[in-house]
Protein chains: 2
Amino acid sequence: MATRPTPGKKSQETLKASPTGQKTQPRKVPSRRSKAEPDGQRTSASWTQDPEGVRRDILATARAEFVENGLSGARVDKIAAQTSTSKRMIYYYFGDKEGLYRAVLEEAYAGIRKLEKNLDLGALKPTEALAALTGFTFDYHADNPDFVRLVMVENIHHARHLATSSKIGALNSSAIDMIREIYGRGLEDGVFRPGINPIDIHLTISALSFYNVSNQASIQQVFGHDMAAPKARLRRRHSVIDTVTQMVSV
Amino acid sequence: MATRPTPGKKSQETLKASPTGQKTQPRKVPSRRSKAEPDGQRTSASWTQDPEGVRRDILATARAEFVENGLSGARVDKIAAQTSTSKRMIYYYFGDKEGLYRAVLEEAYAGIRKLEKNLDLGALKPTEALAALTGFTFDYHADNPDFVRLVMVENIHHARHLATSSKIGALNSSAIDMIREIYGRGLEDGVFRPGINPIDIHLTISALSFYNVSNQASIQQVFGHDMAAPKARLRRRHSVIDTVTQMVSV
DNA sequence: AGCAAAATTAACTGATAAGTACATTTACAC
DNA sequence: GTGTAAATGTACTTATCAGTTAATTTTGCT
């Protein structure tokens, strides 16, 4: 099942960003919907081209839809209706529904990676550095439920879109490198106990941060506990940092 | 629910004898349960009723489909085709697609709750009891990815089916009661440090157990680390128990 | 034996959703 | 200006899907 229809004839390869190498100058776009006149004639539908803007418009709208309804539940027609452009353009720029989803996913991963790169924990002592990294990770997940939900969706689909995305593979191990570095310093300082695998540290931090968002709804239903409430979130943040700290300390 | 014990049990699948597709004819219905005669002929239009069996058949098939494709991605026709009964019966017993999904979900929750109930950790000392509970939880998740995936799917849908299920609400807090009891004993014995909320212990155990299954695919893609591999799983199990132990110990 | 309720079957339907055909307009290079 | 490729709009097609209709058979009961 789920075969690719492969319509044939023309294959759009148009994934170029801006045709002009210029910086994205946000041109002011008049509503590009042409409206029909009362007499049935249509107004000389005048519109300004804005490929990059259209692309971004589609991407943002699509993200909301995929986040809310998953890949199978998302409706291309609904996305089209909520953009200021038409369904045709979705297929023009992204090929098909999965191509659109893939683009959304890649953008989401790019987001967290960018922030991670800007983290500089070198000035902090190992224990504080690890606590800061944990706090940052926890906050990023809590502040970006869209990202969390996209990853959930992708895992439901066995991450097969990550697998076929050229943009994501392997570049992400920077997170683990960072932990490895902090852990190494902690060992030297004698404040961390030896024998811990950096991957385990990463998995622990990620799991505790991710779960708090991903399973918020079911926890709420089953236990009546609202992890999204500001107070609960802060308490939990503390607890997570504490847990990670205890985990590595001598 | 039918209460009548099932009379004759035969797990027989039959090929769908397509009766030449003529329109609106009084039909001969060779059934899935019509059995082959000794001479190889099949008795026409004969089947044994087995409501309970049919129900279970549908439920099991549906679970596989929902687990694999989520609620929106699941196809009622596909479920029907894979049962030994027909689509009509799905609607007969479960009302609609969501009713079927809800039944699958309820069954999944009932499964873990039943096992939890049978856990008796009273004989163990607090530290060992908590370690045992953690190990059990970790193993249950790893051994039942279906359950994990259903919970993921349900969270994508904001747990609105849990919310409307009469069978699930509030009954599940036994898990936290168990932890509260262990934690209390640990405090008395002076082996656990005070000031920890039992909910945090539960969330930590659950998160670490859940994530290892729920995010297995994306972790594999992004970090090239296979958490499902037996060796990795066992190592991780150790680490999780260790983390939880450290978390509560003085 | 006969009847009503429960169980089961095959075929049908209306809606919807992904994807396409094709015309039209804009932007830009010369 | 004009030709052309990129960008965009409108309307359509085709498959699929959740849910139904209506007939038929089984079964428990009296």
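Sequence lines set the chain letters: A, B, ... in the order given, protein chains first and strands last, and positions in each chain run from 1.
- Using a 4.0 Å heavy-atom criterion, one finds that A/Arg75 contacts the sugar-phosphate atoms exclusively.
- OP1 or OP2 of D/dA6 has not a single side-chain nitrogen or oxygen of A/Tyr93 nearer than 4.0 Å.
- In this structure, OH of B/Tyr92 is placed 17 Å from P of D/dT25, rounded to the nearest angstrom.
- In terms of position along DNA chain D, the nucleotide closest to A/Met89 lies nearer the 5' end than the nucleotide closest to the other residue of the pair B/Arg88 and A/Met89.
- B/Glu52 has its CD atom 11 Å from the P atom of C/dT8, to the nearest Å.
- At the heavy-atom level, B/Phe94 lies nowhere under 4.0 Å from the strands shown.
- Of the candidates D/dC17, D/dG9, D/dT20, the closest approach to any side-chain atom of B/Asp77 belongs to D/dC17.
- The side chain of A/Thr85 lies closest to D/dG9 when the candidates are D/dG9, D/dA18, C/dG19.
- Taking atom NZ of B/Lys87 as the reference point, atom C1' of C/dA10 lies 12 Å away to the nearest angstrom.
- A straight line from CG of B/Asp57 to P of C/dT9 spans 11 Å, rounded to a whole angstrom.
- Residues B/Phe94 and B/Arg55 form a side-chain contact, since some pair of their non-hydrogen atoms from C-beta on lies under 4.5 Å apart.
- Residue B/Lys97 contributes atom NZ, which lies 8 Å from atom P of D/dG19 at whole-angstrom precision.
- Ring centers of B/Tyr101 and B/Phe66: under 6.0 Å apart, within the cut-off.
- Contact between the side-chain N/O atoms of A/Ser86 and the OP1/OP2 oxygens of D/dT8 is not found at any separation under 4.0 Å.
- The nearest pair of heavy atoms linking A/Leu71 to A/Lys97 is O-NZ, 2.9 Å.
- Here the two rings, on A/Phe223 and B/His202, have centers that are under 6.0 Å apart.
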